[in-house]
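Contents: one structure, followed by commentary.
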Amino acid sequence: MQSLYANGFEIIYDEMYQTFIDYEDEFVFYSALLNQYQKKQVLEIGCGSGNLARFFIDNNYTYCGLDYSADMINLCRDKNSKGNFILGDMTQFSLKNKTESILITGRTSSYLLSNKDIFGCLKSIHQNLKPGGLLCFDFIDANRFFKEIKGGKEVKHTAVFDQKKYERISFFNTNTSENLMFNWDSKYYEHTQGKIKLIVEDRSEVRAFTKNEWELYLHLNNFEMVEFIDRKSYAFDTYMVVAKKI
Ligand SMILES: C[S@@+](CC[C@H](N)C(=O)[O-])C[C@H]1O[C@@H](n2cnc3c(N)ncnc32)[C@H](O)[C@@H]1O
């Protein structure tokens with residue numbers, strides 16, 4: 001698990017990502033889609049610190065958030081007293097009640113490192129969706145991103161939140177030992193009173209995908225592919241996938 005997802009660092013994640021991602025804009029996107037398919041029940045996989053959750057809850061969706069990090073789930077509960085949040089693993093989960101739609105948000109699909117993980121995840125989603133249920137998720141597009149980071153690339157992101165200034169220096173490099181993986185080494189800094197302090201370091205191996213891969217994975221797991229939506233996110237070339245349970 002990435003260092004920023006637990007052990008108190010989830011608070012820093014929460015603050016930094018509110019400046020990286022426009023969660024209201026994310027909600028506008030997802031709610032338009034759910035509206036189009038007349039879905040009012042949502043499971044959000046990889047709900048993180050619950051920044052998107054609050055929009056679903058405030059807009060009267062029957063919402064449930066699922067995440068692998070107990071610290072993220074506790075933070076979600078603190079921030080959203082009316083929300084329903086469960087600790088779980090997207091590669092193997094079971095809900096008490098089936099839902100009309102499932103979203104995997106914020107490129108959480110990048111943590112499906114093996115094909116076994118993907119098949120486990122799609123099987124769990126299929127079992128927990130009602131007939132005709134909707135699946136929507138985003139993924140990092142290997143075709144574009146790998147060309148950008150080939151040979152290694154350093155990228156700096158700055159976040160100013162509540163008078164605190166954070167900086168993240170990332171180093172990306174391709175790592176095709178298995179699938180279309182890449183290494184993401186990052187250092188997080190806080191600027192206080194003119195000084196820069198290293199808060200945490202992380203070394204992760206994450207996964208990007210091609211559209212063809214997802215077409216096949218979805219077909220093999222009894223989903224009808226509806227569309228790919230090209231939607232650049234703050235740091236990555238990203239596609240959204242819209243699919244329906246068959
Ligand atoms: C990049 S964050 C995205 C969080 C949130 N969607 C957002 O946009 O702020 C990825 C999240 O996925 C969660 N995660 C990673 N692997 C998971 C798994 N196997 N099952 C469920 N959640 C997982 C992490 O704990 C983390 O909160």
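Values in this document were obtained by computation on a predicted structure and should not be read as measured data. All ligand and atom numbering here is 1-based and tracks the order in the structure.
- The aromatic ring centres of Tyr166 and Phe161 sit 6.0 Å or more apart.
- Looking at Phe20, Tyr13, Tyr17, Tyr111, it is Tyr13 that brings a heavy atom closest to atom 7 (C) of ligand 1.
- Distances from ligand 1 to the non-hydrogen atoms of Asp89 include at least one value under 4.0 Å.
- Inspection of the Ser69 and Asp67 side chains reveals no N or O donor paired with an N or O acceptor under 3.5 Å.
- Close contacts of ligand 1 with Thr105, meaning ligand atoms under 4.0 Å from a residue heavy atom, involve 6 (N).
- Taking every non-hydrogen atom of Tyr23 and a distance limit under 4.0 Å, the qualifying atoms of ligand 1 come out as 7 (C), 8 (O), 9 (O).
- The shortest separation from a heavy atom of Asn51 to ligand 1 is not under 4.0 Å, leaving the residue out of contact.
- Between the side chains of Tyr63 and Glu44, at least one donor N or O lies within less than 3.5 Å of an accepting N or O.
- The ligand atoms of ligand 1 that sit less than 4.0 angstrom from a heavy atom of Met90 are 17 (C), 18 (C), 19 (N), 20 (N), 21 (C).
- Aromatic rings from Phe145 and Phe172 are positioned such that their centres are separated by under 6.0 Å.
- For ligand 1 and Gly88, the ligand atoms under 4.0 Å from any heavy atom of the residue are 20 (N), 21 (C).
- Nearest heavy-atom pair, Phe182 versus Arg207, reported as atom, atom and distance to 0.1 Å: CE2-C, 4.2 Å.
- Summary of contacts: the protein heavy atom closest to atom 17 (C) of ligand 1 is Tyr68 CB, 3.5 Å.
- Ranking protein heavy atoms by distance to atom 6 (N) of ligand 1, first place goes to Gly46 O, 2.6 Å.
- Of the candidates Thr174, Asn175, Asn173, Asn175 is the only one forming a side-chain hydrogen bond (donor to acceptor under 3.5 Å, both in side chains) with Asn183.
- Atom 10 (C) of ligand 1 has its closest protein heavy atom at Thr108 OG1, 3.3 Å.
- Here the side chain of Asp202 pairs no donor or acceptor atom with the backbone of Asp185 at under 3.5 angstrom.
- The nearest heavy-atom contact from the protein to atom 1 (C) of ligand 1 is Tyr5 OH, 3.1 Å.
- An N or O contact shorter than 3.5 Å links Asp67 to ligand 1 by distance.
- Residue Ser110 places no heavy atom under 4.0 Å from ligand 1.
- Between Phe137 and Trp214, the ring centre distance stays below 6.0 Å.
- The shortest heavy-atom distance from Met72 to ligand 1 is under 4.0 Å.
- Under 3.5 Å, the side chains of Lys211 and Asn143 contain no donor-acceptor pair of N or O atoms.
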